[in-house]
*Asks:* 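To start, I am sharing the structure in question, which I have written as structure tokens.
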Amino acid sequence: MYEQLKKNTVSAQNQLASGKYVRIENPDGKGKKVLFVGNSITFHEPSLQVGWTLTCGMSASAPEKDYVHQVMARIEEKSPDASYAICQVSHWEHDYKNGKNVYEDFVTAREYDKGVIIMRLVDNCPLDGFDGKALRQAYLDLVDFLNPTGKAKVILTTGFWKHPGDEVILQIAEEKGWPCVYLGDLGEMDEMKALGRFEHRGVAIHPGDLGMETIAERIWQKLEL
């Protein structure tokens, strides 16, 4: 059932250097402030080991083509002095059952004065030993940690590749009244991936430019700015 997810052989660990889990762009901006919480699809540093050379969401053809930049381009049309932060949590996903152990890596994101949090994660939560109850609690705890005042609008997404955690996320969204963007259909479509652009299969099945654009458009529809 999760055949596309199993093809993602990009490691959830060491996607970026230690201490670089949070990046803030235009920190002094006075406009809309958005926090993107995600994994390699949100941000991955260059990795020669897998043939990835850019510093952006894997596998866009250029930084401005990834979903973060495309969402922000739409936001900046309405709020020109907007700013955003990226909180990269792939290592949290890898060991979500003990997720609180890495919260110190996300303190800067917690302190960032965001008005919107976009939770674009779950893809790296291991299939082996998957525990929906544990993911639910860990996911809610992470949102609470990153949204200490409870004032930020929270938008969820499912996995790009179908994942057993999708149902957990959809249930959380319904219970909390949070918008949720379904993405699992995209991971089933070859045209949404970067196939043919990378030798490494795991990199190639990440969203290509069309996939990134579609993710951005679906998130944008939920923002209601």
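Values below: every heavy atom of this structure, side chains too, minus hydrogens, waters and symmetry copies. Residue indices begin at 1 and follow the sequence shown.
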*Asks:* Is the number of heavy atoms from other residues, nucleotides or ligands under 6.0 Å of E199 CD greater than 12?
*Replies:*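 12 or below, so no.
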
*Asks:* Not counting sequence neighbours, which residues clear side chain to side chain contact (heavy atoms under 4.5 Å, CB included) with Y103? List them please.
*Replies:*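 Y103 satisfies side chain to side chain contact (heavy atoms under 4.5 Å, CB included) with W92, K100, F106, D141, L142, F145 only.
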
*Asks:* So how far is it from D66 CG to E213 CD, rounded to the nearest 0.5 Å?
*Replies:*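 Answer for the CG-CD pair, D66 versus E213, is 12.5 Å.
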
*Asks:* What's the verdict on side-chain hydrogen bond (donor to acceptor under 3.5 Å, both in side chains) for Y67 and T214, showing C-alpha distance, side-chain angles and the deciding distance?
*Replies:* CA-CA 8 Å; Y67 88 88; T214 306; over 6 Å; no

*Asks:* Atom SG in C56, atom CE in M212: separation rounded to 0.5 Å?
*Replies:*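 The CE atom of M212 is 7.0 Å from SG of C56, to the nearest 0.5 Å.
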
*Asks:* Identify whether Y182 and M119 are in the same connected component of the hydrophobic contact network (ILVMFWY, side-chain heavy atoms under 4.5 Å).
*Replies:*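 Per the 4.5 Å side-chain linkage, Y182 and M119 are not co-clustered.
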
*Asks:* Show which side-chain atoms of residues 154-162 pair as donor or acceptor with protein atoms under 3.5 Å away, not counting sequence neighbours.
*Replies:*
from: T157; atom 1: OG1; to: R120; atom 2: NE; distance (Å): 2.8
from: T158; atom 1: OG1; to: L183; atom 2: N; distance (Å): 2.9
from: W161; atom 1: NE1; to: I205; atom 2: O; distance (Å): 3.3

*Asks:* I'd like to know if the side chain of D209 pairs up with that of S61 as donor and acceptor (distance under 3.5 Å, no hydrogens or angles considered).
*Replies:*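 Looking only at side-chain atoms, S61 and D209 do form a donor-acceptor pair, the distance falling under 3.5 Å.
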
*Asks:* So does A152 get a backbone contact from the side chain of N147, meaning a donor-acceptor N/O pair under 3.5 Å?
*Replies:*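 Present.
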
*Asks:* Report yes or no: does H200 contribute a side-chain atom to a donor-acceptor pair with the main-chain N or O of G51 at less than 3.5 Å?
*Replies:*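 The answer is no, because no donor-acceptor pair under 3.5 Å joins these two groups.
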
*Asks:* Does the side chain of E25 reach to within under 4.5 Å of the side chain of M72, using non-hydrogen atoms?
*Replies:*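 The answer is no; the side chains never approach within 4.5 Å.
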
*Asks:* Rounded to the nearest 0.5 Å, what separation is found between the CZ atom of R218 and the NZ atom of K222?
*Replies:*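 So the CZ of R218 and the NZ of K222 are separated by 10.5 Å.
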
*Asks:* Using a 3.5 Å distance criterion without hydrogens, assess whether the side chain of H94 forms a donor-acceptor pair with backbone atoms of S90.
*Replies:*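 Looks like no, no N/O pair under 3.5 Å.
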
*Asks:* Using modelled atom types and a 3.5 Å cut-off, is there a donor and acceptor pairing between side-chain atoms of H163 and backbone atoms of C125?
*Replies:*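 Looks like yes, one N/O pair under 3.5 Å.
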
*Asks:* Would you give me the side-chain donor-acceptor pairs under 3.5 Å for residues 173-180, sequence neighbours excluded?
*Replies:*
from: E175; atom 1: OE1; to: R136; atom 2: NH1; distance (Å): 2.7
from: E175; atom 1: OE1; to: R136; atom 2: NH2; distance (Å): 3.0

*Asks:* For the hydrophobic clusters of this structure (ILVMFWY residues joined by side-chain heavy atoms under 4.5 Å, transitively), does one cluster hold both M189 and L5?
*Replies:*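 Result: yes, single cluster for both.
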
*Asks:* With heavy-atom distances below 4.5 Å as the criterion, would you say the side chains of Y139 and V168 are in contact?
*Replies:*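 Side chain of Y139 against side chain of V168, heavy atoms only: no contact under 4.5 Å found.
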
*Asks:* Is a side-chain donor or acceptor of K114 paired with a backbone partner of A109 at a separation under 3.5 angstrom?
*Replies:*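 Yes, K114 side chain to A109 backbone: donor-acceptor pair under 3.5 Å.
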
*Asks:* Return yes if some donor-acceptor pair links the side-chain N/O of E93 with the main-chain N/O of V122 below 3.5 Å, else return no.
*Replies:*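 Between the backbone of V122 and the side chain of E93 there is a qualifying donor-acceptor contact (under 3.5 Å).
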
*Asks:* Do the side chain of R197 and the main chain of G208 share a donor and acceptor less than 3.5 angstrom apart?
*Replies:*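 It does not hold such a pair.
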
*Asks:* Among the clusters formed by ILVMFWY side chains lying less than 4.5 Å apart, do L121 and L140 turn up in the same one?
*Replies:*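 Yes, same cluster.
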
*Asks:* Under a single-linkage rule joining Ile, Leu, Val, Met, Phe, Trp and Tyr whose side-chain heavy atoms are separated by less than 4.5 Å, which residues share a cluster with V50?
*Replies:*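 Reading the cluster by chain and number, V50 sits alongside V10, W52, L54, M58, F198, V203.
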
*Asks:* Please indicate whether N98 has more than 12 foreign heavy atoms, meaning atoms of other residues, nucleotides or ligands, lying under 6.0 Å from its CG.
*Replies:*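 Check passes, neighbour count above 12.
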
*Asks:* Could you tell me the separation between the OG atom of S83 and the CD atom of E76, rounded to the nearest 0.5 Å?
*Replies:*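 Interatomic distance, S83 OG to E76 CD, rounded to 0.5 Å: 9.5 Å.
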
*Asks:* Do the side chain of K153 and the main chain of G115 share a donor and acceptor less than 3.5 angstrom apart?
*Replies:*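 Judged by distance alone, no pair lies under 3.5 Å.
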
*Asks:* Using modelled atom types and a 3.5 Å cut-off, is there a donor and acceptor pairing between side-chain atoms of Q70 and backbone atoms of K65?
*Replies:*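 Yes: the side chain of Q70 pairs with the backbone of K65.
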
*Asks:* Please name all residues satisfying salt bridge (Lys or Arg N to Asp or Glu O under 4.0 Å) with E77, sequence neighbours left out, ordered by chain then number.
*Replies:*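 Here no residue qualifies.
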
*Asks:* Give a yes or no on whether L223 and L35 share a hydrophobic cluster (residues Ile, Leu, Val, Met, Phe, Trp, Tyr; joining criterion: side-chain heavy atoms under 4.5 Å apart).
*Replies:*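 Yes, it is one cluster - the side chains of L223 and L35 are joined through contacts under 4.5 Å.
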
*Asks:* Indicate yes or no for a side-chain donor-acceptor contact from E188 to the backbone of G184 under 3.5 Å, with no hydrogens or angles considered.
*Replies:*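 Checked: no pair found.
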
*Asks:* Which residues pass the salt bridge (Lys or Arg N to Asp or Glu O under 4.0 Å) test with E45, not counting sequence neighbours?
*Replies:*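 Partners of E45 under the salt bridge (Lys or Arg N to Asp or Glu O under 4.0 Å) test: K20.
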
*Asks:* Quick one: CD on E217 to CD1 on I219, what's the gap to the nearest 0.5 Å?
*Replies:*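 So the gap between those two atoms works out to 10.5 Å.
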
*Asks:* In Å, rounded to the nearest 0.5 Å, how long is the span from CG of N39 to SG of C87?
*Replies:*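 Answer for the CG-SG pair, N39 versus C87, is 11.5 Å.
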
